[in-house]
Every structure is written in structure tokens, then in C-alpha cells.
S.K.: 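Sharing a structure, written as C-alpha cells. Questions coming.
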Number of protein chains: 2
Amino acid sequence: MLTTGGCPRNILTIKDALEAIEGRWRLLILFALSGGSRRFGELSREVPGITDKMLSKELKNLEAHRLITREVTAGFPQAAIYTITDHGRSLERVMIELHYWGLLHRQEVMGR
Amino acid sequence: MLTTGGCPRNILTIKDALEAIEGRWRLLILFALSGGSRRFGELSREVPGITDKMLSKELKNLEAHRLITREVTAGFPQAAIYTITDHGRSLERVMIELHYWGLLHRQEVMGR
DNA sequence: CAGTATCCGACAAGATACTG
DNA sequence: CAGTATCTTGTCGGATACTG
């Protein structure tokens, strides 16, 4: 059981975590990449609803937070390969719990 | 290990979950409430950085998603008591993992 | 293929002042 | 005490067109 214990440290830790992964897209991109490296176009198709603009922006943000790496191959046509880092992979437990809770939430609110 | 397996169902489940808890504030409010019921003013002080306007808006959102309940006492001065629901409590595992990851993230990115 | 540029509307969010 | 009203700024996010 989580307790704040009158101390704001725990909630500040969560706030720090949220600062890195907050928003509609970042966890979805990481989840897609947890199944293996992807190219830009693959992510554009696999992340439901995202536009290329947001994908581009969020990929840079994830890279800045060291959650993914970007590698561009030589040759033509060029390919950009995005890969989750070990640090990004350490978010898998969060994603697993979130996925599990998503199933619960559907039953609770959506009734299916 | 999570796999997408060419099937978008898992990622859609996470997207549904995120729709309910996305943003800077909702998980922080729920985390505060996981330590026990709170009044508006208590939350205003305990959730770091939130304004009354955002707190009011997000509390309504959380109530609409059945993650918290709101109860107003008779008498004066009035008191509004916010309490996490069982469904909100089912997010505790997500919050625990997020808190744990926040500690890792500090070490990785912030170097402390 | 992998993005960027531009334009636009909607909403998040803070500051301040105010009400029952 | 528990919010709401108003105003302003910034960012989100979609649409479309475009480039190396």
C-alpha cells in the first residue's frame, strides 16, 4: 500500500516519472517499440491515430529522455530505425500494469 | 514480455487506459487520494504545482471516469470530501510501478 | 522513405480576482 | 472553505503541402 506519510517525496517521484512519459503518444510509441525496432513509417501505421508531425516530435522527446535510440542507415531509400533502450525497457512493467488496468477499465466504464 | 504480434488490440487497450489517466495531474491526484480521503484544500496543497482551476477540472474528470467520488458535508464551513473508488484503487499497481520507475529514471537521466 | 513547413482551431494551464 | 470567472499564453494536434 502506498502512503504519502505527510512527505511529498513519493508524489514528487511520480511527478518526475510523468514528466518523461506524459501525453497521449509516448507510452504508445514505447509499447510498439517494445515488440522490436521499428522504422518511422511502421510506427506511423502501428500507433493508432498519430500523425507524422506528432510522431516526429515525440520520437525526439523520447530520444532526449534516453528511452529510445535513432539510427539512420546509409543507402537509398534511407531508413530510420528506432530502438528502445534498456532504460525504455524498464518501463515495460508500467506498460504491463497499464495494459492490465485498461482491460479492467473497459469492463468498469464501458461495460465490455 | 509484451508482443504486439501484428495485432493492434494490446496497443488499443493501452490507448483506452491512457484516455482515462492521461495528463500531468490525474495520476498525482489519485496517488494523493490513495493515502486516504482528502478535502479540496488538502489536495490543492499536496499535489505539487497544481492550481485550483486545474484541480477542480480534473476532479470532475476523475469523477466522470468513476475513479473518485465527491461528497459534500452539511454545515458551515462546507467541506468537500474526495475519496478514491475501488476502481481508482485498482490503479495502485500502475502507480507503484510508476513510482518505482521514477526512482530508476532519476538515476538514469538526472544522475542522482 | 522520412520527415519538415505552414496554417489553423482547440484545449491546457497559469495568474488574478471574485462568490456562496 | 470550495470553488468559479476572466484573461492570456503556450502547447497539442490535425490537415495539407512540400523536400532531400
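Quick note on labels: first sequence line is chain A, next is B, and so on, each numbered from 1.
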S.K.: May I ask you to check whether A:His87 and A:His65 place their ring centers less than 6.0 Å from one another?
M.R.: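 Ring centres of A:His65 and A:His87 not closer than 6.0 Å.
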S.K.: A:Thr51 side chain N/O closer than 4.0 Å to the phosphate oxygens (OP1, OP2) of D:dG13?
M.R.: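 For D:dG13, neither OP1 nor OP2 has a side-chain N or O of A:Thr51 closer than 4.0 Å.
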S.K.: Quick one: stems involving DNA chain C, counted as three or more successive Watson-Crick or G-U pairs, both distances short of 3.5 Å.
M.R.: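 If one scans DNA chain C for consecutive Watson-Crick or G-U pairs, the stems found are C:1-20 with D:1-20.
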S.K.: Scan residues 22-29 of chain A against DNA chain D and write down, sorted by residue number, each residue with any heavy atom closer than 4.0 Å; if none is found, say none.
M.R.: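 Close to the strand are A:Arg24, A:Trp25.
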S.K.: Quickly work out the A:Glu19 CD to C:dA13 P distance and round it to whole Å.
M.R.: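 Roughly 13 Å, once rounded to whole Å.
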S.K.: If you check every side-chain atom of B:Met54, which of C:dA12, D:dC12, D:dC1 has the closest atom?
M.R.: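 Among the listed nucleotides, the one closest to the side chain of B:Met54 is C:dA12.
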S.K.: Can you tell me if the side-chain N/O atoms of B:Arg39 get under 4.0 Å from OP1 or OP2 in D:dA2?
M.R.: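 Checking D:dA2 against B:Arg39, a side-chain N or O does come within under 4.0 Å of OP1 or OP2.
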S.K.: A:Lys53 has a side chain; which of C:dA2, C:dG14, D:dA15 sits nearest to it?
M.R.: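 The answer is D:dA15.
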S.K.: Give the rounded distance in Å between these two atoms: CG of B:Asp52 and P of C:dA12.
M.R.: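 Atom CG in B:Asp52 sits about 18 Å away from atom P in C:dA12.
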S.K.: Going by an N to O cut-off under 4.0 Å, is there a salt bridge joining A:Arg89 and A:Glu92?
M.R.: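 A:Glu92 and A:Arg89: salt-bridged.
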S.K.: Checking B:Thr85 side chain against B:Arg66 main chain: does a donor-acceptor pair fall under 3.5 Å?
M.R.: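 Yes: the side chain of B:Thr85 pairs with the backbone of B:Arg66.
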S.K.: Output the residues of residues 56-83 of chain B in contact with DNA chain C, where contact means a heavy atom of the residue under 4.0 Å from an atom of the strand; sort by number or write none.
M.R.: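 B:Lys57, in order of number.
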